[in-house]
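Below is one structure, written out as structure tokens; the observations come after it.
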Amino acid sequence: MSLPVREPHPSTDVSLSLQFDEADPDLLARAFRTPGDGPRAWHLNCEAHRLSLVHGFDRLLAWPSLHGVARYPHQERTCLRVLQEMRGRAILADEVGLGKTIEAGLVLKEYAIRGLVRRALILTPASLTGQWREEMESKFDLPFAVLRSLGDWEDRPYLIASIDLAKRGPHRSAAQSRPWDLVIVDEAHRLKNRLSVNWRFVAGLSKKYMLLLTATPVQNDMEELFNLVSVLKPGALRTYEGFIDRYVGSRDRRVPANVPELRDRLRDVMIRHRRGIAFTLPPRRVHSLPVRLSPAERRLYDDVTDFVRDAYWSASGRMSWAARLTLVVLQREIGSSTFAAAETLRRLAQSPLFGPRERDQLEALQRDAGAIQRNVKATRLVEFLRSTDEKALVFTQYLRTLQHLQRVLEAEGHRVALYHGGLPPAAKDGAVRSFQGDRQVFLSTEAGGEGRNLQFARTVVNYDLPWNPLRIEQRIGRVHRLGQEREVHVVNLWARETVEAYLMELLDRKIHMFELVVGELDLILGNLAERRSFEDMMMEIWALREAEERRAALHRLGEALVRARTEYDRMQERNEEALRPVSEEVAA
């Protein structure tokens with residue numbers, strides 16, 4: 001195959017013709033990786049240099065060099081439009097679940113292959129920095145680092161930064177004083193206010209290309225759309241006054257006007273795909289498996305909870321932040337298993353965080369935990385696994401719970417693939433391969449909920465429930481994502497009259513969380529007025545001493561979640577009304 005190239009050279013003008021064999025799909029992959037030393041490495045480096053001179057964007061060069069990335073037509077069309085028509089500046093506004101991260105990575109890789117991007121910055125919420133780094137490395141072979149220190153701005157040409165950290169003081173100056181070939185902003189609806197520090201920080205960056213990723217360009221009113229487009233391409237929607245006069249049709253600024261004309265302007269800067277009739281993620285089937293704790297487990301759970309409540313609201317005022325955090329961990333662990341809590345009780349009984357009286361209580365609780373050899377939830381898990389021939393991902397937050405479940409399941413004859421954060425990379429890869437092979441159960445801590453695509457399975461068991469709902473969503477997202485062709489089963493194990501029962505009340509019955517597409521929950525929680533984390537809100541409710549007070553506080557949080565879900569649904573309607581003219585339905 002021959003690719004004609006016309007590219008000016010700094011010292012002379014030359015014409016090149018690139019020759020490579022399409023029958024060797026690994027050639028590009030080998031050429032685009034950083035070579036070492038030696039003649040072969042030198043040859044591959046030359047190939048990479050020659051390919052970087054490809055000027056036209058009539059085809060994508062990156063596919064052979066990607067790993068584990070399915071080829072979807074809508075993502076390929078998006079990349080070509082950004083490269084050919086939009087000159088590297090676009091709002092990627094696909095609905096949740098259609099792979100905006102992959103689209104952005106594909107655009108970046110195409111530019112990197114051609115030598116047009118040598119410095120790139122990804123701005124994202126702090127909770128997503130690790131996920132972005134893992135995706136860019138594992139799927140695109142792009143060596144991103146997460147911002148840790150001021151020196152990273154100089155030393156790391158490919159950098160991922162929390163926008164909240166990057167916009168502060170010295171970091172802001174360092175980021176804005178350097179030129180960037182490409183800036184990617186995830187959750188770009190955070191730039192909806194042009195008077196905000198976020199907007200001014202991003203607008204002040206020196207960048208050649210820019211991608212803004214958001215499923216909800218319009219959250220409250222049309223002015224937010226103007227602000228988002230203006231940080232990408234100033235003037236694309238006229239001046240602010242001109243935009244309001246021409247394209248806003250109501251006093252509350254929620255209704256668009258002159259929609260056909262607005263559509264034409266938005267098509268120059270925005271790409272949006274919708275989940276259409278021909279393309280739908282498979283449905284989720286939610287299974288709730290409540291259990292009643294055994295008498296011994298019930299006593300221990302209640303005694304640990306009483307200790308936590310008394311210590312958490314210690315009247316003496318000497319409870320340190322570290323001690324309170326430890327209490328939260330203990331309460332979570334006793335909800336997971338007595339085995340997870342037993343070791344923490346032992347350590348706390350020797351800790352200077354607590355006084356002599358409290359340490360005596362902790363020693364007694366540790367003895368009670370050590371005397372319990374079986375957990376009802378583990379028995380219920382075994383019963384469930386006997387009832388299905390499907391492969392199952394079983395998630396727990398705690399290593400000691402995982403080790404207990406491994407013993408229980410293997411004693412029952414189950415073939416188990418073990419995955420946790422302490423394993424070296426090769427062992428983690430081996431666990432995934434064995435689960436894809438002959439292992440029935442993928443037994444994992446939260447480490448398995450990040451970055452791994454396991455769509456060959458379709459059953460997720462939440463053996464315990466993290467108090468951060470986004471972690472639950474990450475678990476489900478390992479199987480319920482683009483590429484999954486069968487309906488997904490989500491199985492929730494929880495004990496009655498525990499904080500986990502509160503979670504099920506809020507997440508399942510109030511906002512139907514387990515039926516949401518991955519990514520929607522974050523948008524719903526973002527509508528909560530509370531500035532505290534969801535975990536903090538749950539702990540403060542559970543720590544209340546009076547049952548009536550707990551029920552009232554739970555009701556208030558439940559109503560706030562319902563309002564947040566309602567606002568999210570309204571936001572979806574606003575985006576549909578304003579953006580449908582620039583949307584395409586995605587075909588399977």
Inset, instruction - Using the six-membered ring wherever Trp is involved, compare the ring planes of H273 and H74 and label them parallel, tilted or perpendicular (cut-offs 30° and 60°). - result: perpendicular
Inset, instruction - Kindly assign one of parallel, tilted or perpendicular to the pair Y111 and F57, based on the angle between their ring planes and the thresholds 30° and 60°. - result: perpendicular
Legend entry - Side-chain ion pair, D268 and R265, N-O less than 4.0 Å: no
Inset, instruction - May I ask you to say whether D464 pairs ionically with R475, meaning some side-chain N is under 4.0 Å from a carboxylate O? - result: yes
Any sub-3.5 Å donor-acceptor pair from [X]'s side-chain atoms to [Y]'s backbone N or O?
X	Y	result
Q75	E103	no
K100	D186	no
R272	A93	yes
K207	L205	yes

Inset, instruction - Could you tell me whether R332 sits above the aromatic face of W467, with NZ or CZ closer than 6.0 angstrom to the six-membered ring centre and within 45 degrees of the axis? - result: yes
Legend entry - Stacked cation flag R119 on Y158, 6.0 angstrom / 45 deg: no
Is the [atom1] atom of [X] crowded by more than 12 outside heavy atoms at less than 6.0 Å?
X	atom1	result
R156	CZ	no
R87	CZ	no
R532	CZ	yes
K208	NZ	yes

Legend entry - Derivation of the side-chain contact (heavy atoms from CB on, under 4.5 Å) call for L92 and V82: CA-CA 9 Å; L92 305 184; V82 172; 4.1 Å; yes
Inset, instruction - In sequence, state the C-alpha distance, the side-chain angles, and the governing distance for F226 and Y240, and then conclude on ring-ring contact (aromatic ring centres under 6.0 Å, His included). - result: CA-CA 7 Å; F226 173 83; Y240 173 73; 5.6 Å; yes
Legend entry - Working for salt bridge (Lys or Arg N to Asp or Glu O under 4.0 Å), residues K192 and E223: CA-CA 8 Å; K192 62 186 179 182; E223 181 179 345; over 6 Å; no
Inset, instruction - Kindly determine whether T401 and S336 satisfy side chain to side chain donor-acceptor pair (under 3.5 Å), including the steps that lead there. - result: CA-CA 7 Å; T401 300; S336 175; 2.8 Å; yes
Inset, instruction - Verify side-chain contact (heavy atoms from CB on, under 4.5 Å) between W199 and N193, making sure each step is shown before the conclusion. - result: CA-CA 7 Å; W199 194 96; N193 182 354; 6.0 Å; no
Legend entry - Evaluation steps, side-chain contact (heavy atoms from CB on, under 4.5 Å), between V269 and R89: CA-CA 7 Å; V269 294; R89 288 190 172 233; over 6 Å; no
